[in-house]
Amino acid sequence: MVPPGSQISPTLRKVSLEGNPLPEQSYHKLMAVDSTIAHLSLRNNNIDDHGAQLLGQALSTLHSCNRTLVSLNLGFNHIGDEGAGYIADGLRLNRSLLWLSLAHNRIQDKGALKLAEVLRPFELTHTEVVKRRRLLLEKGSQERLRSPSTSRHGDSKTEREKNQLMRVSSFAMVEKDKMQTMKTSKGLGKKKEKSGEVVKKEEKPGSGQSPTQGTPKKEDSTKTGKAKVTIPEQKLSKGKGTKTGSKEKRSILLETEVVGEATEVVSPLLEPVEHRDGKVFMPGNRVLLHLNLLRNRITEVGLEAFLTAVRYQAQFSESKSASKGPVGLLWLSLAKNCFSPQCPAYTTIQELMLPRDPASKAKHKEEAAVASST
């Protein structure tokens, strides 16, 4: 096992620790909050209800939650109803686990009811309700703190734009005054010096070079004065460069904000809830896609509970939300338990799950393709 004080490799993604029973059952340390393990197999390790309690708490509590584990195999252990209840408690607020196997354990109807309950809308406990209210208050205070800063940022941005426009307009007025002064000096030059007219006439078709040496210098200086009119474009081009830089900075900031939003995890307690008879109900866990309860001790009582959960989750796959990806259980195994395979509840569950099973969908597509080709 993990020695005290040591750290799990940050690149470790898959761990198979089967047939290695530990007296302290400290397998939950592999599911710490900072763990990078995505696939964990703990089959045949004599894990009992106490070990299941530690694993359930590692999945989620009110204060912490594992967000990296995708699959967990707890088959061939000694988990009973109490341990199944702890695992179900861990699934209440966990939104990362997709695959769970509890096959070949000792789960009866009481544990089956707990697992089925978490797959449909369930009532929040008093502690969960209090925690939800605190999260809502924190969220509201954060939004109120963000809004003034946003307005101040917008005001400062508007002021900067106004100042920039004022600088450009003042610069244009200065250039206009220079041009008027230049025109006045030109008129005086025409009256006093005829060479100025000659230079002007020769400059129109010419390549810009003057045949004389003295007067053209004045005309060149005048032209440079005219060229100053294009300085706003140069400054604007510089300004564009500055704007481009600012755009790049803004894009970098936006990317950082997006990453921050991506990494920011919203608590399931903030999901939309339903109020009924003074109680608060939140949607069941619709992230779990695969649940294996093969060869346990579940009777028709637990089977009816799973039928209710499957019917509830099936309605989401038929809604528009299904276009965003799979929602709810896609595969559920309840075979080899303490009920007849011809049981009506079991038959109905199979009928509801068959169209959702990706394997059956692929097989149906293959059969349809073969039929169309023939």
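Between the side chain of Ser267 and the main chain of Leu270, no donor-acceptor pair closer than 3.5 Å is present. Looking at Asp81, its side chain does come within 3.5 Å of a backbone N or O of Gln108 through a donor-acceptor pair. Side-chain atoms of Tyr27 come within 3.5 Å of backbone N or O of Leu22 as a donor-acceptor pair. Thr68 places a side-chain N or O within donor-acceptor distance of the main-chain N or O of Ser35, the cut-off being under 3.5 Å. Of the possible polar contacts, none joining the Asn285 side chain to the Val118 backbone as a donor-acceptor pair under 3.5 Å is found. With hydrogens and angles disregarded, no donor-acceptor distance shorter than 3.5 Å links the side chain of Asn94 to the backbone of Ser60. With hydrogens and angles ignored, the 3.5 Å screen pairs a side-chain donor or acceptor of Asn73 with a backbone N or O of Gly75. Of the possible polar contacts, none joining the Asp357 side chain to the Trp331 backbone as a donor-acceptor pair under 3.5 Å is found. Checking side-chain atoms of Glu82 against main-chain N and O of Gln53 turns up no donor-acceptor pair under 3.5 Å. In this structure, Asn337 contributes its side chain and Asn296 its backbone to a donor-acceptor pair below 3.5 Å.
Listed here is the closest heavy atom pair of Ala309 and Leu119: CB-CB, 3.9 Å. Scanning all heavy atoms of the two residues, the minimum distance from Asn77 to Asn46 falls at OD1-N, 3.1 Å. Here the closest non-hydrogen pair linking Cys65 and Leu59 is SG-O, 3.5 Å. Nearest heavy-atom pair, Phe306 versus Leu291, reported as atom, atom and distance to 0.1 Å: CE2-CD2, 3.9 Å. The two atoms that bring Leu329 and Met353 nearest to each other are O-CE, 3.7 Å, heavy atoms only. Heavy-atom minimum distance, Ala84 versus Gly111: CB-CA, 3.9 Å.
Atom-to-atom distance recorded for Leu97:CG and His290:NE2 is 10.5 Å, nearest 0.5 angstrom. Put simply, OG on Ser101 and CG on Asn292 are 4.0 Å apart, with the number rounded to the nearest 0.5 Å. Taking CZ of Arg106 as the reference point, atom CZ of Arg295 lies at 15.5 Å (rounded to 0.5 Å). Taken from CD in Glu143 to NZ in Lys139, the straight-line distance is 5.5 Å, to the nearest 0.5 Å. Once rounded to the nearest 0.5 Å, the distance linking CG of Leu124 with CG of Leu269 reads 6.5 Å. With rounding to the nearest 0.5 angstrom, the OH atom of Tyr346 is 13.0 Å from the CD atom of Glu300.
Not counting sequence neighbours, His78 has no partner by the side chain to side chain donor-acceptor pair (under 3.5 Å) test. With sequence neighbours excluded, the residues that form a side chain to side chain contact (heavy atoms under 4.5 Å, CB included) with Phe76 are Arg43, Asn44, His104.
A side-chain donor from one of Gln25 and Asp48 sits under 3.5 Å from a side-chain acceptor of the other.
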* Derivation and outcome, side-chain contact (heavy atoms from CB on, under 4.5 Å), residues Ile298 and Leu293 -> CA-CA 9 Å; Ile298 302 171; Leu293 289 167; 4.2 Å; yes

* Asked: Given the rule in the salt bridge (charged side-chain N to carboxylate O under 4.0 Å, His left out) test, do Arg95 and Glu271 qualify, once you have shown the distances and angles that lead to the verdict?
  -> CA-CA 12 Å; Arg95 294 298 180 266; Glu271 294 177 0; 3.2 Å; yes

* Could you go through the side-chain contact (heavy atoms from CB on, under 4.5 Å) check for Leu74 and Ile87 one step at a time? => CA-CA 10 Å; Leu74 297 176; Ile87 298 296; 4.0 Å; yes

* Apply the test side-chain contact (heavy atoms from CB on, under 4.5 Å) to residues Leu334 and Ile349: give CA-CA distance (whole Å), side-chain angles for both, the deciding distance (0.1 Å), then the verdict. => CA-CA 9 Å; Leu334 292 167; Ile349 290 175; 4.1 Å; yes

* Asked: Could you walk me through whether Glu128 and Arg92 pass the salt bridge (charged side-chain N to carboxylate O under 4.0 Å, His left out) check?
  -> CA-CA 11 Å; Glu128 290 171 340; Arg92 289 169 73 92; 2.8 Å; yes

* Output, in order, the C-alpha distance, side-chain angles, deciding distance and verdict of side-chain contact (heavy atoms from CB on, under 4.5 Å) for Leu303 and Phe339. => CA-CA 9 Å; Leu303 203 60; Phe339 54 81; 3.7 Å; yes

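Both Leu136 and Leu93 belong to a single network of hydrophobic side chains, linked directly or stepwise wherever heavy atoms of I, L, V, M, F, W or Y lie under 4.5 Å apart. Note: the hydrophobic cluster containing Val15 does not contain Trp99 (ILVMFWY, side chain heavy atoms under 4.5 Å, direct or indirect links). Transitive grouping of hydrophobic side chains (ILVMFWY, heavy atoms separated by less than 4.5 Å) brings Leu12 and Leu30 into a common cluster. Under the 4.5 Å side-chain heavy-atom criterion for grouping Ile, Leu, Val, Met, Phe, Trp and Tyr, Val266 is connected to Leu91 within one hydrophobic cluster. Linking ILVMFWY residues whenever their side-chain heavy atoms come closer than 4.5 Å, directly or via other members, leaves Leu332 and Leu294 in distinct clusters.
At least one side-chain heavy atom of Leu40 sits under 4.5 Å from a side-chain heavy atom of Met31. Side-chain contact between Arg311 and Thr308 is absent, with no heavy atoms from C-beta onward closer than 4.5 Å. Met282 places a side-chain heavy atom less than 4.5 Å from the side chain of Pro268. Here the side chains of Leu115 and Leu102 are in contact, with some heavy-atom distance below 4.5 Å. Arg356 places none of its side-chain heavy atoms less than 4.5 Å from the side chain of Leu352. For the pair Ile47/Leu55, a side-chain contact is recorded, criterion being any heavy-atom separation below 4.5 Å from C-beta on. The shortest side-chain heavy-atom distance between Leu54 and Ser26 does not fall under the 4.5 Å cut-off. Residues Glu274 and Arg276 meet the side-chain proximity criterion, which asks for heavy atoms closer than 4.5 Å.
Within a 6.0 Å sphere centred on NE2 of His275, other residues, nucleotides and ligands contribute more than 12 heavy atoms.
Taking the ring centroids of Phe281 and Phe122, they lie at or beyond the 6.0 Å cut-off.
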